[in-house]
Amino acid sequence: MTAHAAWLPPAAFAPLGAQRTLLLADDDGVARTVRDEVTRAVSAFGGTLRTDDDAPSLVLAELAAAERSAPEALPDVVAGLLEDAVGGGSAVPGEAASSSGPDAVVDAGLEPEDFVLARSGGVTAVLAGGPHGLLYGLHEVVRRGAGAFVGEIAAERHSPAQSLRMLDHWDNLHVHPVMGQVERGYAGGSIFWVDGEPNPDRERIAAYARLLGSIGVNAVAVNNVNVGSAAVLLTERLGDVVDLADIFRAHGIATYLSVSFASPVHLGGLDTADPLDERVAAWWADAASAVYERIPDFGGFLVKADSEGQPGPFTYGRDHADGANVLARALAPHGGTVLWRAFVYNHTQDWRDRSTDRARAAFDHFTPLDGKFDDNVVVQVKHGPLDFQVREAVSPVLAAMPRTRLAVELQVTQEYTGQQKHVCYLGEQWSELLGFRPWGEAGTDLAGIAAGHGPGGRRGGIAAVSNVGTDEFWTGHPLAQANLYAFGRLVWDASLDPLAILDEWATLTFGADDDVRAGLREVMAGSWLTYEKYTAPLGVCFMVTPGTHYGPSVDGYEYSPWGTYHFADREGIGVDRTVATGTGFAGQYPEPWRSTYESLETCPDELLLFFHHVPYTHVLRSGVTVVQHIYDTHFEGVEEVEARAAAWERLEGRVPADVDARVRALLAEQLRSAREWRDQVNTSFLRRSGIPDERGRTIFP
Ligand code: GCW
């Protein structure tokens, strides 16, 4: 295996590895993974590891005695499970039981994924509610570096905001003639399959699982939602899934499978997949039982149905609750979950038909079903009503189904954000999205809805499409590793500052070097907004090359069946989605956003063309006209890429040569592509509008 270490290079473990650690945990499962991490660290950096899984309370009593008689004999780090650690007096040596110490925090009860971190009297302690929490606690210590071993740390309780923190792989078993092996993958082949067979490089998969476990991801769907020939993973190729589950389990990750709704027909030989047909229900129940026999902790199914040609319940005149529930009932006896995607729309639309608006589709299909989904169904909703655009409105579905468990779906793979050729740090986009408050300031935000703090109190989670492949840097663009890292961290806690996450990633990956950290901020912070500047303006979406979705094509989707248009003519541009005169999409939001988006006066500039069709001379809230904004942002966008590329060059010699070479080559492509975007978009709007750039810059009339 030649893969890059990403954010877990040996050096990241140096501070921990120099300590004397006492680990109170079993030697199996996820706890074993923790033990292996610490063992590796201490053998590389001169520390010691003492483990004790027999009688932790005795060990703690012994420690308490040592604390009195020979404090120098105390370990530097004590990490263990709450169940093992309590009962021996103070849970944390060096810390007398007090109302504010870890004991008090722990008294509140720790869930299996929770941990408490504290430092007192020269001892750093991690107490976890279960092995998963211990793993997350270990990595919190690693992230803090030397800071975890100095001074005092008042007991902090850490628990994930989301219970489901998932990555979806769009991996195919075989190379698809159009989509390649990983659909919308920009980092080589699948790390799970090679030529239709399991990848013999199991170490590579384990390294990936380790990276995910370190950032708290706890669920992975291993195959593409466009299931195709991979449907057999549910039956004759179940062994592949068993093997993957074995690898992921050790890192606290449950394995899920994307299944085809038509499986009862294609795999089961039935003449129907009608979800209300008893034979179909029995087939799914048997299939699920067979999976659980071999994978007792299997997560469940992910389903794309009646979407872009995938089979679904509509074929049988059934709705999506019927469809999801038949699978849910098959999984329920085993504790499994169905993730049912809300990405349902008409992709064979007629562009002449102005009444159909793709943005409305998920809401129109799903909100009437609120309350009809079984308890083990989570409806997974893309963050926007269209398709992972660099800028689009937030999906109103997320605010409209209080009686349904909802998961937000993000896209770590950069399909519409530069395809891992462009630097585009998405942590900032996700932070903004997850912080969006559909009911205004007083209501909860998207992260809160997913976490079960919405009006109905139902918990879903957050999922995203993975960006890794067989590429030596995992993600094609080495800096795209930061997106995977930021996903895990934000899904654990969406209130984290995305730029602090960027710094954290930079420090782990490249070492604690202030100049590198500052340089990476110059290259990456705000790069999402730079990307927005040189691509489609003001929330208009989809000016990409059809099919590949890379590079500009102003009218590429204008007369297409996919339903993504901008309606630009010589007077103006934008999609009228108002209730008053447009498609009515704005009416799918609760107040205050319904009115905010409906009105030209209050609609935020960045979404103006998502909600309104306006003349090029319309003056934005920023004070410039729409057409001048298009010119300005496209020139600025390219200048910003130039500045970012220059900032990267200043890091020469401070980052590993192989990373440098790859990033430089990609920055050259980003610059070429950004100029192409600038010139095509500017020229297109100059030609249409006939309005020159106020500043007379080069456009090609
Ligand atoms: O973003 C679009 C992609 C498709 C993808 C689809 C989806 C897996 O272009 O390639 O299919 O979304 O999310 O299902």
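Please read all numbers here as calculations on a predicted model, not as lab measurements. Numbering starts at 1 and runs along the sequence shown. Start at 1 and go down the list; that is how both ligands and their atoms are numbered.
In this structure, His174 contributes its side chain and Gly180 its backbone to no donor-acceptor pair below 3.5 Å. No side-chain donor-acceptor contact under 3.5 Å links Gln310 to the backbone of Asn226. Although no hydrogens or angles enter the test, the distance criterion places a donor-acceptor pair under 3.5 Å between the side chain of Arg204 and the main chain of Thr470.
Heavy-atom proximity to Phe343, at under 4.0 Å, picks out these atoms of ligand 1: 6 (C), 7 (C), 12 (O), 13 (O), 14 (O). The atoms of ligand 1 that sit less than 4.0 Å from any heavy atom of Glu183 are 4 (C), 5 (C), 8 (C), 10 (O), 11 (O). For ligand 1, the atoms closer than 4.0 angstrom to any heavy atom of Arg184 are 3 (C), 4 (C), 9 (O), 10 (O).
Among Lys304, Lys382, Gln411, the residue whose heavy atom sits closest to atom 12 (O) of ligand 1 is Lys382. Between Asp387, Leu386, Val344, it is Asp387 that holds the heavy atom closest to atom 1 (O) of ligand 1.
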ask   = Can you list the steps and then say if His320 with Trp340 is a ring pair (Phe, Tyr, Trp, His ring centres under 6.0 Å)?
value = CA-CA 9 Å; His320 278 240; Trp340 188 270; 5.5 Å; yes
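The closest approach between a heavy atom of Gln310 and any atom of ligand 1 is not below 4.0 Å.
When only modelled atom types and interatomic distance are considered, Asp240 and Trp193 share a side-chain donor-acceptor pair under 3.5 Å. A donor-acceptor contact under 3.5 angstrom links the side chains of His566 and Asp555, judged on distance only.
When non-hydrogen atoms are compared, ligand 1 lies under 4.0 Å from the side chain of Val225 (C-beta onward) but not from its backbone.
The protein heavy-atom contact nearest to atom 6 (C) of ligand 1 is Glu308 OE1, 3.3 Å. Among all protein heavy atoms, the one lying closest to atom 9 (O) of ligand 1 is Glu415 OE2, 2.5 Å.
In terms of N/O distances under 3.5 Å, ligand 1 is approached by Asn226.
Taking the centre and axis of the six-membered ring of Tyr550, the NZ or CZ atom of Lys421 falls inside the cone set by 45° and 6.0 Å.
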